[in-house]
Structure formats: structure tokens, C-alpha cells
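Order of listing sets the numbers, starting from 1, for every ligand and every atom in it.
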Amino acid sequence: MKLPDELQFISSAFQAQKTTDASMNGKLSVITGATSGVGYHAAKRLAEGGSNLVLVCRNPDKAEDVRKELTGAYNTNVDVVLADFSKLSDVRKAAKYILANYKHINVLINNAGLHRTTRTLTEEGFETVFCVNHLASFLFTRLLLERMIKNAPARIIQVNSEGHRFGGLDLDDLTWARRPYRGLKGYGASKVAQLLTVWELADLLNGTGVTINAMHPGAVKSNIGMDNGPLYTWSQRLFVRPFLRKTVISGEAIYYLAAAPEMQNVSGKFFNQTVEEKPMPHALERKLGKRVWQISEELTGLPGMELK
Ligand SMILES: NC(=O)c1ccc[n+]([C@@H]2O[C@H](COP(=O)([O-])OP(=O)(O)OC[C@H]3O[C@@H](n4cnc5c(N)ncnc54)[C@H](OP(=O)(O)O)[C@@H]3O)[C@@H](O)[C@H]2O)c1
């Protein structure tokens, strides 16, 4: 039985996933949030595949542990750049460091992300989840874009989520000042905003040799949300985590999207791990996407880029 598009994510999760043993020897992958969960497993798989790595992380001790582990286990260079993605000033510093130190960026994986059950604002006045999950990755990508285009081919992977299905994006209330904050909606809003910008960027990058795709890494056991207080953590442990899969599958899926030769020219798609899927209609509204793009530029202080 074929499920309607909106429910296809249920069957995609059980489909056979694609893998690749293509080498990434000599390539450089930049990955955010590599100290835990999806990002950690992606970094490990990339190192195993031969890629050199720049790990963009906020916690120096955790980042150093991962760096040591990967350089000890694999024949690869691993650099750590410290940045808290709830501060756009940190995102700018991280991009500046990378541009100063690396000529070629072959793969950029925007993975750092979080889920909050309560509304918090960043020092710069953004709702935290929207800032980390969308604005920071938007800014980081844009700051590295010219270098990637110059030395194409290159691939950008946005670690998005089936959580985009929760919706929640209201461009007139991005800080949730006028609505009661709901964790899943706040998370959904950030992921919808990111997805909408993926379609715009894919069009802009058409013909440059740089691709951009978004992916859901699977419903996997990670630390996401586990800092939301004892009640939330307890209920997750009891009712949700037993049904989650091992995070290693996310690393394998990201490796496929980053390394597989058949993915070289694929752009502007959404994958459930490695299975292409149609996002919810609200995440496909191109007119809305152009507004999100423009607002994201304004909020991050980027110069306007003309959209196609
Ligand atoms: N797990 C799932 O089932 C699932 C499903 C769909 C999508 N995702 C997506 O997968 C991505 C990774 O999440 P995860 O599940 O692996 O969660 P996780 O285990 O909590 O890992 C999140 C990573 O992001 C980093 N991070 C969080 N806030 C940050 C900030 N302000 N600045 C810099 N780095 C920050 C964390 O750093 P610390 O180690 O310092 O906390 C960690 O490295 C997210 O984008 C999430 O939305 C996950």
C-alpha cells in the first residue's frame, strides 16, 4: 500500500538505506556539533572514509576528546574550532578562521541543533532554537559559500528533521513573544525556515558545482532535548528512547550524501537518511521561502543576494 506523501516518512524509515564505500581521502569536511549524537557519528564515519575534518563545537573538552579519538583511530587531520551557535558573533569568528586556514572546503555539514521545551532568548535577542538551528547555519553557510564555489565541486548538507512537519513558523513572531511557546512547534519552525532556504540556495547554486541538500538523520538515540529538566528527561527515557535507533545509522547516511559519486550533482532535495522524500507542503512554499531568505539576511546582517 502506498502511503500519501505526508505519511511517506513512516515507510521511508524502514526502507533499505543506501551506503557507499567511496573514499574521501584528501577531502576536507567541516561539521558543526560533532561532540555528540548525529554529528559525532558523522565525523567518525567521515574520518574512517579518509576525510580531514574541521569540527565546529562549543564545548572545548568534549571537542578535544573527539579530536583525540579520531586522530588516534584514523589517518586524518582533525582541527577544532570553538563556536557557540547561539551567538552569531561566534559563527562569524568560526567562518573567518576556516577561511583563513583552509583553501578547499569539500563538504559542509550543518548539524548543530537543539530542542527546547521552554522559550529562551539568546544574548542577541533571538529565540534560541531558531537561532541555533536556522539562523546560525544560514549565516555559516553564506560566509563559506564563495570559497566553496571557487573550489567546486562541494556539497552542503543541512541536518534538518521530520520535525519540520510540526510547522510553527510565523514570520511576524519569530521570538514567540505573541504566542505561547511550544517546544515541538519552536523546533518545527526552525526546521521549516531552514528547509525553505535550501530550495532557494539550490536554485542559486545551480551550475556552480556546489550542491545543497537537507536530510532527516533518523529517529535516533542522542542527547537532543535531554537538558530540558528531569520530567522531560524521565519521560523520554521511559517512553521514547526505547523506540529510537542507534545513532550510527545517521553517520552512515550523512557519509553517503557527502561521499557517494551518484550524489555529486543532486541538489535541492530532502532525504530521510538516504531515501528521497517530499517535505510537508508548508515547507515547499517558495514565496514564503523568499521572505524567510530575506528576513534571515536581515537578522544575520548579511548583504542581500538576489534570488532566482
Ligand atoms: N536525534 C534525532 O532523532 C534527530 C532527529 C531529527 C533531526 N535531528 C537533528 O540532528 C542534529 C543533531 O542532533 P542530535 O540528535 O545529534 O543531538 P545532540 O546529541 O544533542 O547533538 C547536538 C550537537 O549540537 C551541538 N550544539 C547544540 N547547541 C549548540 C550551540 N548553541 N552551539 C554549538 N553547538 C551546539 C551539541 O553540542 P554539545 O555536545 O556541546 O551539547 C552537539 O554537538 C540536530 O540538528 C537535530 O535537529 C536529530
Side-chain angles (χ1 to χ4, degrees), residues 9 12-13 30-45 53-67 80-95 109-116 120-124 126-140 157-166 183-184 186-195 198 214-228 232-233 236 240-251 253-254 257 270-273 277 279:
F9 71 95
S12 323
V30 175
I31 176 163
T32 68
T35 45
S36 167
V38 172
Y40 164 74
H41 282 280
K44 196 170 169 184
R45 182 65 185 91
L53 290 165
V54 176
L55 313 177
V56 185
C57 306
R58 64 175 168 177
N59 182 315
D61 297 336
K62 282 166 96 176
E64 183 54 19
D65 284 351
V66 177
R67 194 191 67 75
V80 166
V81 181
L82 293 177
D84 181 340
F85 269 32
S86 66
K87 296 178 191 160
L88 296 186
S89 53
D90 269 22
V91 176
R92 287 184 177 278
K93 276 188 220 153
I109 301 159
N110 284 300
N111 162 77
L114 80 163
H115 165 237
R116 285 251 160 103
T120 55
L121 297 182
T122 68
E123 284 170 13
E124 293 156 334
F126 304 114
E127 189 275 312
T128 308
V129 173
F130 190 74
C131 179
V132 176
N133 293 7
H134 168 58
L135 289 178
S137 65
F138 181 81
L139 176 61
F140 196 48
I157 299 166
Q158 306 289 48
V159 180
N160 197 269
S161 175
E162 294 293 355
H164 80 272
R165 297 179 190 279
F166 302 132
L184 293 181
Y187 183 74
S190 70
K191 297 295 185 182
V192 171
Q194 184 183 61
L195 269 187
V198 167
M215 63 97 68
H216 167 74
V220 293
K221 240 175 241 173
S222 71
N223 282 329
I224 198 159
M226 299 307 273
D227 53 357
N228 276 313
Y232 180 89
T233 311
Q236 286 287 311
V240 180
R241 285 171 79 85
F243 302 100
L244 298 179
R245 299 172 74 189
K246 288 189 178 151
T247 320
V248 68
I249 65 166
S250 312
I254 290 173
L257 301 178
F270 177 71
F271 294 90
N272 184 330
Q273 299 167 70
E277 217 173 62

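- Side-chain contact between Glu162 and Phe270 is present, with heavy atoms from C-beta onward closer than 4.5 Å.
- Among protein residues, Gly33, Ala34, Thr35, Ser36, Gly37, Val38, Arg58, Asn59, Lys62, Ala83, Asp84, Phe85, Ser86, Asn111, Ala112, Gly113, Val132, Val159, Asn160, Ser161, Tyr187, Lys191, His216, Pro217, Gly218, Ala219, Val220, Ser222, Asn223, Ile224 come within 4.0 Å of ligand 1, judged on heavy atoms.
- Panel note: side chain Lys191, backbone Val159; a donor-acceptor pair is recorded below 3.5 Å.
- A donor and an acceptor atom, one from each side chain of Ser36 and Asn223, are located under 3.5 Å apart.
- By the 4.0 Å N-to-carboxylate-O rule, Glu124 lies too far from Arg92 to be salt-bridged with it.
- Formation of a donor-acceptor pair under 3.5 Å by the Thr128 side chain with backbone atoms of Thr120 is found in this model.
- With sequence neighbours excluded, the residues forming a side chain to side chain contact (heavy atoms under 4.5 Å, CB included) with Ala136 are Phe85, Leu88, Val91, listed by chain and number.
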